[in-house]
Each structure stands twice: as C-alpha cells, then as structure tokens.
Amino acid sequence: MDDVDSIFADDVELIKNAEVLEEDYTPERILCRDDVLDQYTSVFKPIYKGRPPQNAFLYGDTGVGKTAATKYLRENLEHDIERKNDQLPDDEQITLNVVWINCENFTTADHKTSSYQVAVGIVNRLRDQGNRITGTGYAPQDVYDIMYDELDELDGTVLVILDEVDKIGDDDTLLYELPRSRDIGYVDNVRVGVIGISNDYTFRKNLSPKVKDSLCETEIKFPAYDAEELSEILGARADLALYDGAYSQETISLCSALAYQEASGSARRAIRLLRRSAEIAEEDGSEQIQERHIRQADKDLEYGNIVESIVDQDDEKLYILKALAHLDSADLTPARTRTIHAAYARVVRSYNEESGKDPLTQRGMFNHLSKLVMFGFVNTIDHNKGAGGGQWNEHEFSDDVDPQKVKDAFADRDLRWLDIDVRGIEK
Ligand SMILES: Nc1ncnc2c1ncn2[C@@H]1O[C@H](COP(=O)(O)OP(=O)(O)OP(=O)(O)O)[C@@H](O)[C@H]1O
Ligand SMILES: [Mg+2]
C-alpha cells in the first residue's frame with residue numbers, strides 16, 4: 001500500500017479500483033434485467049438486419065439501469081455489426097451512426113432546455129471542432145435545417161439516443177419530427193431511429209399524441225429493483241472495486257436494504273452508498289467496512305440529495321424556500337401564507353434590484369408553495385376551528401429541510417446568500 005508519508009494517505013486502503021464505483025463506469029454485464037433486455041434487444045434487431053430502425057421510449061425511476069442497459073446494447077450492436085460486415089460483400093455493408101445526447105447537458109442557467117438547444121447539440125456532435133455552431137444567434141428553423149442537412153450527409157442508419165429527454169421541456173418539436181424525418185422529407189439518404197429515455201412519469205404522460213405516435217412506438221418500462229436484486233448488482237460491483245476482506249455479505253445486504261427503502265430501489269444509490277462507506281472506513285483506519293460507516297455514509301448522501309433537489313427548483317420556489325429559511329431562523333414558523341408572502345416579497349426584491357422584477361401575488365406564490373408541499377420540502381398545518389371558527393393554513397420546513405440546506409443549495413447554484421431582514425413581519 002502506501003510507502004510514502006503523506007497527509008493525503010490513509011493507513012488502510014479498502015478500495016482496489018475506484019473507477020468501478022464511478023458514475024460513468026459501464027458494467028460488462030447487466031444483471032437481473034433479462035426480461036427488459038429481451039424487449040430492448042428486439043428494438044435494435046432491425047438495425048442489425050439492415051432494416052429500417054425502430055423508435056423506443058424507455059422509462060423507469062432513477063438508478064434502475066436505463067442508461068447502463070442502453071450503453072451496453074449500443075456497444076454490443078456496434079461490435080456485432082462490425083463482425084457481420086466482415087462477412088458481407090461491399091455493397092451490402094451495414095452502416096450505423098450513433099448520436100448520443102444527454103439532454104441535461106443543454107440545460108441553461110434558468111434550467112430550461114428546448115428542442116432547439118438539443119438540435120444545436122446534435123449538429124455539434126456531427127461537426128468537427130472548427131465548425132460548431134453556438135446555441136444563440138440562429139432562428140430555430142435554421143438550426144433544424146442545418147441539423148437535417150448534417151444528418152443527411154451520413155449514410156445508412158442514424159440512431160439518435162436522447163437520454164434524460166424530459167429535460168427538453170414543453171417544446172417537443174424535435175421528438176415528433178426526428179423519428180418521422182424521412183417521411184416528412186427532411187432527409188432522404190439516411191434512416192433515423194430515436195430512443196428517448198426518461199425517469200419523469202409526468203413528462204411521459206404529458207407527451208403530445210403526435211409524439212406518442214412516433215417516438216413511443218415501443219415503450220419499455222424499467223421496474224425498480226428489490227433488495228435482493230440490488231444485492232446481486234452491488235455484490236458484483238464490490239468484487240471488482242474492493243479488496244477481499246474489505247467488506248462482508250452484511251455490508252452488501254445493508255447497503256442494498258437502505259437503497260431499497262430510501263431510494264426506491266436505485267442501484268446508483270446502492271453503489272454510492274458502498275463507495276462512501278468504504279471512504280469513511282478508510283478515513284477511520286478500519287480494515288473492514290462496519291455498520292457505523294454505512295450509517296454515516298447514508299446520512300451524508302441523504303443530506304446531499306436534499307440539497308441537490310433544492311438546487312433543481314425554479315427561482316420562485318428557491319425564493320420561497322429562502323423566505324422560509326429566514327422565518328425559521330427568526331422563530332417565525334410555522335407561518336401563515338401572508339407572512340411567507342411578505343418575506344418572499346423581500347427576497348424577490350433583494351435579488352432583483354437591477355431587473356426590477358416584481359414578486360408574484362400571494363395567490364401566484366401559493367401555487368409554488370403548494371408544489372413545495374407536494375415535493376415534501378414543506379409541511380402544511382391545517383387549522384380548522386369548525387363552523388364560524390375559521391380555517392387557515394400554516395407552513396414550515398419538513399423534517400428533511402433546514403435553513404443550512406437551502407443555503408448550501410444557493411451556493412451550489414452560484415447564488416449569493418443575501419441577508420434578508422424579516423423583522424417587522426407579522427406572524
Ligand atoms: N442491472 C444492472 N447491472 C449492473 N449494474 C447496474 C444495473 N442497473 C444499474 N446499474 C448501475 O447502477 C447505476 C445507475 O444506473 P443507470 O445510470 O443506468 O440508471 P438510470 O436508470 O439511467 O437512472 P437515471 O434515470 O437517474 O438516469 C450505474 O452505475 C449502473 O452501472
Ligand atoms: Mg440515466
């Protein structure tokens with residue numbers, strides 16, 4: 001292990017191969033997914049056979065292997081086509097171009113992506129560095145024209161994989177045009193197949209009928225894993241990542257049980273938990289991961305997750321959470337809607353001095369507040385004094401949220417944490 005004396009070294013090392021626990025590692029085998037893989041393989045069969053490609057829409061909760069299975073099948077498809085081409089005469093060669101786009105990467109500062117930006121992404125993926133286009137400065141129709149021209153420069157089949165496709169938002173032009181681009185006459189050289197991947201059920205439900213018709217030709221559901229399946233997946237990963245003796249079967253079982261209970265069967269969560277546990281055990285100088293390391297790791301991740309989901313909220317909701325943070329610190333929660341609105345208005349004015357943007361009305365703010373209740377950030381306390389006694393609501397942070405987490409989320413979003421004076425606001 002470490003023979004150099006360094007402040008960065010730990011006395012013991014449990015992690016043999018950290019790469020295997022990284023987010024972008026592609027496992028060599030996809031475990032516990034035989035049914036789904038069978039269905040998914042059928043989607044790719046026409047491409048292998050040199051026939052027109054199919055479109056498909058994959059959905060399921062976060063961390064259930066949608067991206068991993070797609071990468072795995074993509075690699076196999078490319079590999080097998082290469083082998084098949086070795087046997088085929090020149091005029092029967094199968095040409096496959098894969099364009100993989102993670103729509104999340106085209107999210108702008110105001111947390112919006114659009115068909116337009118994804119189209120820019122596709123163009124830039126197909127062009128070399130010197131010829132890339134910028135995300136501003138073109139009319140949308142021009143970008144689509146350029147994109148179809150670029151696609152038509154290729155040969156054979158183009159498979160466009162749109163991961164995290166829900167980030168595309170309301171403007172789903174691309175999602176119905178791209179799968180039909182040959183029928184519409186936008187391209188004639190190539191056949192375009194589209195795979196959309198999403199963990200957002202509302203997005204899937206709200207897709208326009210046109211998109212459902214074209215993109216969702218085949219729908220594949222990835223169910224959540226149960227604790228046993230998580231154990232199998234995690235066990236295989238641990239075997240590659242950790243030294244023998246650094247963990248026990250109990251380590252795997254506990255990490256899997258926690259990921260099952262707390263993260264609705266996410267393999268990503270189980271893997272992160274194992275990695276964090278191993279790091280904590282190393283810092284602790286322990287030769288094997290102990291239960292207390294896993295418990296601590298679980299707490300760390302939970303904290304990070306809440307902060308992350310606060311970061312994902314839009315500005316209005318962040319302002320409301322900040323208002324609640326100040327009210328909470330001043331002992332003014334639970335607070336009535338009008339109290340929150342008064343604090344929220346001060347927050348909005350402080351952050352928008354230059355633009356002069358106005359706060360929403362109490363009614364408008366209440367709609368956002370209700371969403372925060374629905375997402376579990378905020379609790380409502382119902383006061384109902386019966387007939388004649390009146391009825392009102394108060395709000396406070398749920399057990400998962402506290403002012404520090406809101407503050408951390410602001411830091412993550414690169415937003416300053418302005419002092420807001422809530423004195424003088426009536427409780
Ligand atoms: N069946 C499996 N066998 C082996 N590893 C798996 C399996 N399913 C998931 N994993 C691993 O779990 C992690 C999360 O999986 P993946 O990224 O595919 O989730 P996802 O469904 O795409 O989630 P999201 O919707 O958040 O993008 C990855 O490290 C992946 O390698
Ligand atoms: Mg994914």
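Just follow the structure's listing: the first ligand is 1, and inside any ligand the first atom is 1. For the single chain, residues carry numbers from 1 onward in sequence order. In this text the structure is predicted, and so the values were computed from the model without any measurement.
Proximity to R29 (heavy-atom distance under 4.0 Å) selects the following atoms of ligand 1: 3 (N), 4 (C). With ligand atoms numbered from 1 in the order given, ligand 1 contributes 27 (O) to contacts under 4.0 Å with heavy atoms of E164. The A68 neighbourhood of ligand 1 comprises atoms 18 (O), 30 (C), 31 (O), with distances under 4.0 Å to a heavy atom of that residue. Of all atoms in ligand 1, listed by their number and element, those nearer than 4.0 Å to a heavy atom of G65 are 8 (N), 9 (C), 15 (O), 16 (P), 18 (O), 19 (O), 20 (P), 21 (O).
Around atom 20 (P) of ligand 1, the closest heavy atom drawn from E229, E28, K66 belongs to K66. Taking only non-hydrogen atoms, the option from L58, I271, I233, V20 nearest to atom 6 (C) of ligand 1 is I233. The heavy atom nearest to atom 11 (C) of ligand 1, considering only R268, R237, R272, is found in R237.
Residue side and main chain included, T62 places no N/O/S atom under 2.8 Å of the Mg ion (ligand 2).
Considering backbone and side-chain atoms alike, R33 places every N or O at 3.5 Å or more from each N or O of ligand 1. Distances between N or O atoms of N199 and those of ligand 1 include at least one value under 3.5 Å. Ligand 1 has no N or O atom lying under 3.5 Å from any N or O atom of E23, backbone or side chain. Checking only distances, C32 never comes within under 3.5 Å of ligand 1, N or O to N or O. Checking only distances, A69 never comes within under 3.5 Å of ligand 1, N or O to N or O. Ligand 1 has an N or O atom lying under 3.5 Å from an N or O atom of V64, backbone or side chain. The shortest N or O to N or O distance between G63 and ligand 1 is under 3.5 Å. Looking at E22 next to ligand 1, no N or O pair under 3.5 Å apart turns up.
A salt bridge between E22 and R275 is present, with a side-chain N of the basic residue lying under 4.0 Å from a carboxylate O of the acidic one. Remark: R413 engages D315 in a salt bridge, criterion side-chain N to carboxylate O under 4.0 Å. Look at D200 and K167 and you find no salt bridge, because none of the NZ, NE, NH1 or NH2 atoms lies under 4.0 Å from a carboxylate O. Using a cutoff of 4.0 Å between basic side-chain nitrogens and carboxylate oxygens, R269 and E302 are scored as salt-bridged. For E150 and R125, the salt-bridge test fails: no basic side-chain N is under 4.0 Å from an acidic carboxylate O. Ion pairing of R127 with E153 is absent here, as no side-chain N (NZ or NE/NH1/NH2) approaches a carboxylate O to less than 4.0 Å. Ionic pairing of R295 and D298 is not present here: no N-O contact between side-chain nitrogen and carboxylate oxygen is shorter than 4.0 angstrom.
Given atom 22 (O) of ligand 1, the protein heavy atom at minimum distance is T67 OG1, 2.8 Å. The single protein non-hydrogen atom nearest to atom 26 (O) of ligand 1 is T62 OG1, 2.5 Å, given as residue, atom name and distance. Regarding atom 3 (N) of ligand 1, its nearest protein heavy-atom neighbour is L31 N, 3.1 Å. A267 CB, 3.9 Å is the protein heavy atom nearest to atom 10 (N) of ligand 1.
At least one heavy atom of Y225 sits closer than 4.0 Å to an atom of ligand 1. In this structure, P27 counts as a contact residue of ligand 1, since one of its heavy atoms falls inside 4.0 Å of the ligand.
Screening V192, L126, V158 for a side chain to side chain contact (heavy atoms under 4.5 Å, CB included) involving N97 leaves a single residue, V158. A side chain to side chain contact (heavy atoms under 4.5 Å, CB included) with V120 is found for one member of V143, I146, T134 and no other, namely V143. The side chain to side chain contact (heavy atoms under 4.5 Å, CB included) with L178 is formed by just one residue from the set V194, N55, T173; it is V194.
Residues Y72 and P27 form no side-chain contact, since every pair of their non-hydrogen atoms from C-beta on lies 4.5 Å or further apart.
Both cation-pi conditions hold for K84 and Y48: the charged atom is under 6.0 angstrom from the six-membered ring centre and inside a 45 degree cone around its axis.
A distance below 6.0 Å separates the ring centres of Y40 and F44.
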